[in-house]
Chemist: 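Would you mind keeping the following structure in view while I ask a few things?
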Amino acid sequence: MSNKLIDLKFKVNGKEVELKVNPKTLLLEVLREELKLTGTRQSCEVSACGACTVNIDGKAARACSILAVQLNGHEVVTIEGVADGKTLHPIQEKMVSHGAIECGWCTSGMVMSARALLLENLKPTRDDIKKALQGNLCADSGYVKYVEAIEMAAEVMQGNK
Amino acid sequence: MKDFNYSAPKTVKEAISLLGSLQGEVKVLCGGQSMLVLMKQGMLAPEHIVDIKGISELDYIRFSEEKGLTIGALATHGAVEKSPIVKEKYPVLAEMEDNLAVVQTRTWGTIGGNVCHGDPAADPPAVFIALSSKYKLMGKKERIVNAEDFYKDLLEVDLEHGELLVEVQVPPMPANSGVAQEKLMVQKGDMGIVGAAAFVTVNPSTGICEDARIVLTNVASIPFRAKGSEKVLIGKKIDEKLLEEAGQIASEEVDPPADTHGSEEYRRDMARVFLKRATAKALQRAQQKN
Ligand SMILES: Cc1cc2nc3c(=O)[nH]c(=O)nc-3n(C[C@H](O)[C@H](O)[C@H](O)COP(=O)(O)OP(=O)(O)OC[C@H]3O[C@@H](n4cnc5c(N)ncnc54)[C@H](O)[C@@H]3O)c2cc1C
Ligand code: FES
């Protein structure tokens with residue numbers, strides 16, 4: 001059977017990217033293997049854990065469960081695109097300073113889910129935050145500090161702290 | 001995953017003509033949230049994939065008082081969840097989406113993909129059937145089918161070769177009606193171990209139930225219409241005793257699978273419990289409208 005390569009043109013972390021991919025290639029594979037953006041985790045690969053979460057057009061999605069060719073014309077942000085140069089994003093800064101990160105495996109996915117939430121709603125309730133993180137598993141069960149760190153980041157982003 | 005030939009038409013017309021002309025095993029792909037799991041496991045290995053995710057003309061949610069709600073096949077779960085008109089006119093659909101999978105899956109997965117997958121555990125088919133919805137299909141000709149008649153067997157739906165589902169049509173809510181959905185989950189967002197969607201109308205002066213449509217999930221190979229239970233409710237004033245009777249009937253009529261989440265016996269009992277819960281809530285909502 002032919003496995004003709006397909007053109008893929010999309011934005012990743014603000015830059016236009018153009019490549020040719022086998023249509024069965026997952027977004028996760030393109031990010032990690034072609035673009036060497038390895039901050040997005042390859043974990044369960046069956047849409048169960050959320051470690052591969054990225055933002056597509058500002059919304060949280062699982063890179064292990066989307067064909068890369070479907071990103072044509074879309075904009076993807078990965079964990080590598082969250083900080084502003086050397087300055088951490090408030091979500092990252094608060095997760096570090098509040099000690100939310102334990103082994104760190106789930107962290108990039110957590111940041112991406114939180115980023116999507118705060119893009120949509122800068123004043124989330126605790127419940128909104130919990131819902132936004134519902135699809136991100138933490139093997140250390142360190143959810144509370146993640147939730148608190150995101151609350152703190154939202155305050156910073158509102159200009160309150 | 002096996003290799004496949006790939007095409008991504010941009011319009012319904014293009015997609016239909018392509019689907020009609022391809023030889024060999026052809027599969028439509030939308031968000032892939034259900035399909036990629038099967039493809040990764042090798043349970044599905046189509047020769048051709050026609051990717052419809054880019055057909056933006058099918059991405060809409062519209063409402064009119066005469067026609068009710070029309071949801072384009074490409075509307076994502078997330079779009080339905082957040083739609084102001086859905087929240088206002090059919091809050092049950094927003095509630096359903098809140099418990100359907102997780103944020104990330106709702107971002108990319110679509111209503112069309114969900115209802116065409118034919119999973120008897122899925123939530124939207126049950127709610128759409130309870131609401132007397134129709135599906136609009138497009139192939140060489142256009143066809144409208146009752147959501148209820150669309151489900152044939154486990155993962156088998158009434159789609160002919162070359163057909164696409166283009167729209168879900170949910171009629172306006174009748175006066176004095178209420179609808180609710182409940183499901184048994186280990187964790188929020190799980191597929192229901194058992195679930196129930198119930199629609200009832202109540203006569204405001206007599207309090208008598210005039211219509212009932214109850215659909216159970218994950219208790220048969222297709223969404224299960226609990227007709228025996230509906231029959232005992234219609235024409236009577238619904239109270240706890242009657243609800244229990246309706247629940248009992250459902251627990252006898254269903255034909256549930258057994259798996260790690262629940263034995264057959266457990267699912268039968270949960271069919272009773274969840275039918276009662278959903279119906280009681282729908283009843284309460286119908287009465288509040290009076
Ligand atoms: C972690 C997780 C949890 C989930 N939990 C739930 C849950 O609680 N409740 C629930 O109901 N679902 C749940 N799902 C299922 C899932 O969300 C939906 O089934 C999914 O959104 C399907 O949409 P899709 O666009 O991704 O379809 P795809 O996976 O692309 O397609 C599914 C099927 O539909 C066909 N198809 C797609 N679109 C069309 C069309 N327009 N016309 C004709 N055929 C078409 C495809 O050929 C395929 O057979 C869950 C999924 C995951 C991964
Ligand atoms: S790796 Fe994608 S959800 Fe686990």
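Proteins get letters first, then strands, A, B, ... in listed order; numbering begins at 1 in each.
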Chemist: Identify which of A:N136, A:V46, A:I66, A:L133 forms the greatest number of heavy-atom pairs closer than 4.5 Å to chain B.
Modeler: A:I66
Chemist: I'd like to know if the side chain of B:T107 reaches the main chain of A:A60, judged simply by a donor and an acceptor atom lying under 3.5 Å from each other, with no hydrogens or angles considered.
Modeler: yes
Chemist: Taking C-beta and beyond as the side chain, do A:K4 and B:N5 meet within less than 4.5 Å on heavy atoms?
Modeler: no
Chemist: Which pairs pass salt bridge (Lys or Arg N to Asp or Glu O under 4.0 Å) with one or both residues in residues 100-124 of chain A, sequence neighbours excluded?
Modeler: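 The answer is A:E120-B:K82.
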Chemist: Applying side chain to side chain contact (heavy atoms under 4.5 Å, CB included), run through A:C64 and B:K40 and close with a yes or a no.
Modeler: CA-CA 11 Å; A:C64 75; B:K40 285 182 191 177; 4.3 Å; yes
Chemist: Once rounded to the nearest 0.5 Å, what's the spacing between atom CG of B:L36 and atom CZ of A:R62?
Modeler: 13.5 Å
Chemist: A:N72: which residues meet the side-chain hydrogen bond (donor to acceptor under 3.5 Å, both in side chains) condition with it, sequence neighbours left out?
Modeler: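 Applying side-chain hydrogen bond (donor to acceptor under 3.5 Å, both in side chains) to A:N72 gives none.
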Chemist: Go through the atoms of A:I6 and report whether side chain, backbone, both or neither lie under 4.5 Å from a heavy atom of chain B.
Modeler: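 For A:I6, side-chain heavy atoms alone lie under 4.5 Å from chain B.
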Chemist: Going by side-chain contact (heavy atoms from CB on, under 4.5 Å), B:M1 matches just one of A:T25, A:L26, A:N22. Which one?
Modeler: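 Of the listed residues A:T25, A:L26, A:N22, the side-chain contact (heavy atoms from CB on, under 4.5 Å) partner of B:M1 is A:L26.
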Chemist: Carefully, step by step, assess A:K24 and B:I49 under the rule side chain to side chain contact (heavy atoms under 4.5 Å, CB included).
Modeler: CA-CA 10 Å; A:K24 72 175 178 181; B:I49 289 241; over 6 Å; no
Chemist: Chain B heavy atoms under 4.5 Å from A:T53: which part of the residue, side chain, backbone, both or neither?
Modeler: side chain
Chemist: Please report the interatomic distance CG(A:L67) to CZ(B:F4), rounded to the nearest 0.5 Å.
Modeler: 5.0 Å
Chemist: Check this for me: B:Q23, atom CD, are more than 12 non-hydrogen atoms of other residues, nucleotides or ligands nearer than 6.0 Å?
Modeler: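 Not buried by this count: 12 neighbours or fewer within 6.0 Å.
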Chemist: Applying a heavy-atom distance below 4.5 Å, give me the residues of residues 186-194 of chain B that approach chain A, sorted by number.
Modeler: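 Residues in range: B:K188, B:G189.
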Chemist: Give me the contact list for residues 50-57 of chain B versus chain A, heavy atoms only, anything under 4.5 Å, ordered by residue number.
Modeler: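 When heavy atoms of chain A are the reference, residues 50-57 of chain B contributes B:D51, B:K53 within the under-4.5 Å range.
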Chemist: Does B:Q104 form a side chain to side chain contact (heavy atoms under 4.5 Å, CB included) with A:C52? I'd like the steps, not just the answer.
Modeler: CA-CA 10 Å; B:Q104 294 97 320; A:C52 65; over 6 Å; no
Chemist: For A:A132, is it the side chain, the backbone, both, or neither that has a heavy atom closer than 4.5 Å to a heavy atom of chain B?
Modeler: backbone
Chemist: Using a 3.5 Å distance criterion without hydrogens, assess whether the side chain of A:K59 forms a donor-acceptor pair with backbone atoms of B:G78.
Modeler: no
Chemist: For a quick test of reading the model, state the closest non-hydrogen atom pair linking A:S47 to B:T105 and the distance between them.
Modeler: OG-OG1, 4.2 Å
Chemist: Tell me, for A:V54 versus chain B, whether the close heavy atoms (under 4.5 Å) come from the side chain, the backbone, both or neither.
Modeler: neither
Chemist: Spell out, as yes or no, whether a donor-acceptor pair under 3.5 Å connects the side chain of A:Q134 to the backbone of B:V103.
Modeler: no
